[in-house]
There are 2 protein chains.
Amino acid sequence: MPDQLGAKLRRLRQNKGVSLRTVESETGISNAYLSQLERGVATNPNPIKLRKLAEYFNAPYLDLLAHAGYLPSGARENYQGLIANSVGSSRKESQLSSSIVDLTNDEENLVLQYIEFLKSRRN
Amino acid sequence: MPDQLGAKLRRLRQNKGVSLRTVESETGISNAYLSQLERGVATNPNPIKLRKLAEYFNAPYLDLLAHAGYLPSGARENYQGLIANSVGSSRKESQLSSSIVDLTNDEENLVLQYIEFLKSRRN
DNA sequence: AATATATGCATGATATGTCAAGCAAAGGCA
DNA sequence: TGCCTTTGCTTGACATATCATGCATATATT
């Protein structure tokens with residue numbers, strides 16, 4: 001069951017202050033179908049339509065996919081796990097991805113500097 | 001246009017050495033539709049079906065989504081960009097994610113150790 | 001007050017995804 | 001050799017996604 005995709009889409013549209021017909025003219029998706037999506041009557045949109053909406057609302061596409069139930073909930077760990085599995089990263093790189101999730105800003109700065117230092121001494 | 005989703009699915013099935021009817025019984029997707037997908041006659045499957053196939057073939061789900069044209073090609077940078085945009089990471093964390101992509105094994109080790117060291121001195 | 005426009009939704013129509021049934025060919029078995 | 005089973009595919013049927021049209025209501029305009 002999609003996790004409130006409709007509510008999310010209506011919020012995005014209302015925050016932008018536009019009508020169903022405006023979204024229709026900008027995305028090519030009919031106002032009737034947009035209404036059905038927002039009201040939860042239609043729940044299984046083609047991802048291509050979600051992408052158009054994400055672009056129009058300047059909203060994160062993976063977030064809309066997750067709300068539609070096509071991806072796990074939008075926690076970084078979940079996506080990192082999917083990526084690690086998809087593009088064949090090493091186990092250690094998965095660890096790295098997981099480790100950076102909860103760094104503070106200062107820690108992020110330090111790690112970035114350290115990585116740049118490591119790369120700078122490659123030659 | 002999906003990037004050879006059909007060829008990918010046929011390769012996965014043949015590598016596993018199973019028939020269309022075996023996949024049907026394991027995934028619930030009809031052998032006729034599987035045939036159409038493999039031959040490129042059907043090109044826009046519901047992601048829920050792709051997920052079932054990914055699970056059955058033990059194949060990366062994001063990879064199948066990319067082949068269907070629902071996600072950008074399976075480069076890590078693309079996914080990291082989508083994630084950064086989806087779960088509201090800071091600009092610096094996006095940089096971090098991008099930076100770890102091309103680290104060597106030794107560099108990964110060093111960075112992991114450094115992160116653990118940073119975390120250990122939080123108290 | 002009357003008319004025009006904008007808006008969200010209902011609904012039947014159309015397009016497309018997916019299925020059930022059946023066909024032809026190949027392979028297995030007695 | 002004959003029969004049965006398996007297999008991939010075809011095709012019409014069915015289910016669902018999406019659209020075009022129109023309705024009712026609210027708002028804007030004259």
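Note on naming: letters A, B, ... go to the chains in the order of the sequence lines (proteins, then strands), and numbering restarts at 1 for each one.
- Distance CG/A:L12 to CG/A:D63: 8.5 Å, rounded to 0.5 Å.
- Considering only heavy atoms from C-beta on, B:N44 comes within 4.5 Å of B:Y70 through its side chain.
- Rounded to whole Å, atom P of D:dA17 lies 15 Å from atom CG of A:L34.
- The pair A:K119-B:E107 fails the salt-bridge criterion, with no side-chain N (NZ, NE, NH1 or NH2) lying under 4.0 Å from an Asp/Glu carboxylate O.
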Listing time: all N or O pairs from protein to nucleotides 10-13 of chain C that are below 3.5 Å?
residue, atom, partner, partner atom, Å
C:dA10, OP2, A:R39, NH1, 2.7
C:dA10, OP2, A:R39, NH2, 3.1

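- Per the geometry, CG belonging to B:L37 stands 10 Å off P belonging to C:dG17, to the nearest Å.
- Taking the nucleotide of DNA chain C with the nearest heavy atom to each of B:I29 and B:R21, the more 5' of the two is matched to B:I29.
- Of the residues in residues 48-56 of chain A, those placing a heavy atom less than 4.0 Å from an atom of DNA chain D are A:K49, in numerical order.
- Residue A:L20 has its side chain nearest to C:dC9 when only D:dA17, D:dG8, C:dC9 are considered.
- Separating the CG atom in A:L50 from the CG atom in A:L9 is a distance of 7.0 Å, to the nearest 0.5 Å.
- Dashed line: the shortest gap from a side-chain N or O of A:N46 to OP1 or OP2 of D:dA17 is not under 4.0 Å.
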Contact list (N/O, under 3.5 angstrom) for nucleotides 25-27 of chain C vs protein:
none

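- Side-chain contact between B:Y114 and A:I115 is absent, with no heavy atoms from C-beta onward closer than 4.5 Å.
- Between B:L65 and A:P47, every side-chain heavy-atom pair lies at or beyond the 4.5 Å cut-off.
- Side chains of A:F57 and A:V23 form a contact here, defined as non-hydrogen atoms less than 4.5 Å apart.
- In this structure, A:R39 and A:R10 have side chains that are in contact, with non-hydrogen atoms separated by less than 4.5 Å.
- A:L34 CG to A:L53 CG: the interatomic distance, rounded to the nearest 0.5 Å, is 6.0 Å.
- Counting any heavy atom pair closer than 4.0 Å across all strands shown, A:S30 reaches a base atom.
- Within the 4.5 Å cutoff, side-chain heavy atoms of B:L71 are placed close to those of B:Y79.
- Side-chain contact check for A:E108 versus A:I100: every heavy-atom pair is 4.5 Å or farther apart.
- Regarding contacts with the backbone of C:dG8, a side-chain N or O of A:R13 is found under 4.0 angstrom from either OP1 or OP2.
- Residue B:S19 places none of its side-chain N or O atoms closer than 4.0 Å to OP1 or OP2 of D:dT6.
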